[in-house]
Amino acid sequence: MVAAGRPGTEGDAPARAGAGAQSGPTSTGARLWGRLSETLRARGRRVRGIGGLALQAGLAAALSWLVAHQVLHVTQPVFAPISAVSTLAASVGQRLRRTIELIIGVTVGVLVGDLLLGVIGTGWWQLALMVVLAILVALFLAGSAAVVIQAGATAVLIATLSPSVRDLEIPRFVDALVGGTMALLVTAVLLPLSPLRVLNRAARPALDLLSDQLEATAGALADRDIARALTARAKLRDNKDELGALVEATQGAREASTLSPVHWHERQGPVARYAHTAEPIDRAMRNTGTLIRRVVTLIEDGESVPERMPTAVADLAEAVRLLKRQFAAGQEPVQARERALAAVCAAGDAYREGVGFSGAVVVAQVRTTTSDLLVATGLSQEVANRLVRRAFGGAAHRR
């Protein structure tokens with residue numbers, strides 16, 4: 001009777017265990033598939049991001065070989081394609097500089113190797129001396145790692161191959177000149193990068209990181225959720241890759257719009273505006289970090305949180321999102337400016353309602369971050385500061 005009275009426990013246990021056994025592998029498989037899908041998407045984005053570089057490198061290598069071999073009659077123009085690919089492998093925005101460094105380094109290596117070769121001959125210690133002197137001269141002239149590498153490598157070639165290969169010096173110099181020139185021709189004329197696309201691709205991660213952590217901080221303020229605020233602080237602190245990509249992209253946009261006739265008309269307008277965002281966005285990141293640290297302290301100390309304070313931080317997050325969208329569309333970021341000033345209005349309301357010490361710092365950081373964002377939209381620092389002061393007083397820009 002007792003056993004019969006418990007049909008829903010022991011009798012059903014095997015069935016429940018079986019169901020759990022079936023759901024476990026299924027959920028594990030779903031998680032693995034999700035991770036695999038995300039990995040494949042990330043790698044697909046990476047291939048799309050550098051696919052243009054691969055095409056540029058292939059075309060530049062082919063043209064370098066054709067010009068050196070067919071036009072200039074270099075017998076084995078090995079270094080011309082290598083020089084072209086080396087130039088294109090440089091960071092976007094550094095290719096003109098890399099070409100100049102390539103030519104300087106090769107010239108130094110050729111001159112030092114030739115001068116010493118006629119005086120001291122060849123051998124292991126002569127090789128060592130040539131490389132040391134070539135590197136020292138390169139350091140004295142330029143100090144760049146690329147110049148030093150090219151000078152040292154060329155000195156090695158002169159010391160080791162000159163005894164068996166006649167007239168190596170001029171072909172080596174010609175190869176470097178042809179390779180660098182073809183790389184610039186491809187990037188500037190034949191397959192030029194779009195400056196706006198370069199900037200959009202690089203700025204998106206930095207602006208997404210900033211807006212996401214501001215949004216998380218607004219929620220942490222509203223709910224007094226210290227764990228969420230700490231997570232936002234940690235994520236924002238890890239921003240080196242995003243900022244580095246943005247700085248590199250601004251350099252690349254300036255280079256592309258300067259070298260490429262196709263994009264000369266973009267030197268003004270959205271590209272010019274966008275290309276000056278790296279520094280103010282960096283400042284906005286740092287000031288937001290201070291803001292989040294003070295939010296953590298505010299919650300820990302149990303200070304009051306006026307209703308408009310989370311709104312101010314959320315408005316900042318939305319201003320960053322609008323900045324990203326309007327820059328991507330090549331538009332004047334008017335809406336981003338308005339929302340950033342709305343954040344200052346809300347911060348002013350919160351301050352007048354009454355805040356503690358940390359709350360006052362949060363309000364101050366909203367003002368400072370807004371000023372950074374306004375400068376990122378293309379306003380001068382003086383104009384940005386004036387608009388922030390006016391909005392904080394509540395005279396304008398209320399929604």
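Since we're looking at a predicted model, the values are computed, not measured. All residue numbers refer to positions in the sequence shown, counting from 1.
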Taking the side chain as every heavy atom from C-beta outward, state whether [X] and [Y] have any pair of such atoms under 4.5 Å apart.
{"X": "Leu236", "Y": "Met285", "result": "yes"}
{"X": "Leu374", "Y": "Val383", "result": "no"}
{"X": "Pro333", "Y": "Arg337", "result": "yes"}
{"X": "Val178", "Y": "Leu72", "result": "yes"}
{"X": "Gln335", "Y": "Gln326", "result": "yes"}
{"X": "Asp301", "Y": "Phe357", "result": "no"}
{"X": "Thr277", "Y": "Leu207", "result": "no"}

Has Glu307 got more than 12 heavy atoms of other residues, nucleotides or ligands less than 6.0 Å from its CD?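 Result for CD/Glu307: open.
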
Compute whether any side-chain donor of one residue and acceptor of the other, for Thr290 and Arg293, lie under 3.5 angstrom apart.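 Side-chain D/A pair, Thr290 to Arg293: present.
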
State the [atom1]-[atom2] distance between [X] and [Y], to the nearest 0.5 angstrom.
{"X": "Leu221", "Y": "Ile226", "atom1": "CG", "atom2": "CD1", "answer": "11.5 Å"}
{"X": "Thr217", "Y": "Arg233", "atom1": "OG1", "atom2": "CZ", "answer": "10.5 Å"}
{"X": "Thr288", "Y": "Leu316", "atom1": "OG1", "atom2": "CG", "answer": "6.5 Å"}
{"X": "Leu291", "Y": "Arg367", "atom1": "CG", "atom2": "CZ", "answer": "13.5 Å"}
{"X": "Lys324", "Y": "Arg321", "atom1": "NZ", "atom2": "CZ", "answer": "8.0 Å"}

Assess whether a salt bridge exists between Asp238 and Lys235, defined as any Lys/Arg side-chain N lying under 4.0 Å from an Asp/Glu carboxylate O.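 Salt bridge absent between Asp238 and Lys235.
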
Does Glu215 pair with Arg228 as a salt bridge, N-O distance under 4.0 Å?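 Looking at Glu215 and Arg228, the cut-off is not met.
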
Identify the heavy atoms of Gly359 and Leu298 that sit nearest to each other, and give their distance.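 Heavy atoms only, the tightest pair is CA-CD1, 3.6 Å.
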
Hydrophobic cluster identity match, [X] and [Y], side-chain contacts under 4.5 Å:
{"X": "Val174", "Y": "Leu185", "value": "yes"}
{"X": "Ile158", "Y": "Leu129", "value": "yes"}
{"X": "Val375", "Y": "Leu322", "value": "no"}
{"X": "Leu139", "Y": "Val106", "value": "no"}
{"X": "Phe140", "Y": "Leu111", "value": "no"}

Who passes side chain to side chain contact (heavy atoms under 4.5 Å, CB included) against Ala284, sequence neighbours left out?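 Side chain to side chain contact (heavy atoms under 4.5 Å, CB included) check on Ala284 returns Leu210, Thr369, Asp372, Leu373.
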
With sequence neighbours excluded, tell me which residues meet side chain to side chain contact (heavy atoms under 4.5 Å, CB included) with Ala350.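 Partners of Ala350 by the side chain to side chain contact (heavy atoms under 4.5 Å, CB included) criterion, ordered by chain and then number, come out as Pro306, Arg308, Met309.
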
Residue pair Gln365, Val362: steps toward the side chain to side chain contact (heavy atoms under 4.5 Å, CB included) verdict: CA-CA 5 Å; Gln365 291 307 121; Val362 170; 5.8 Å; no

Would you tabulate the side-chain donor-acceptor contacts of residues 59-70 under 3.5 Å, counting partners in other chains and residues two or more places apart, or write 'none'?
unit_1: Ser64; atom_1: OG; unit_2: Ala60; atom_2: O; d: 2.7

Determine, stepwise, if the pair Leu387 / Leu379 fulfils side chain to side chain contact (heavy atoms under 4.5 Å, CB included). CA-CA 10 Å; Leu387 290 174; Leu379 299 181; 3.8 Å; yes

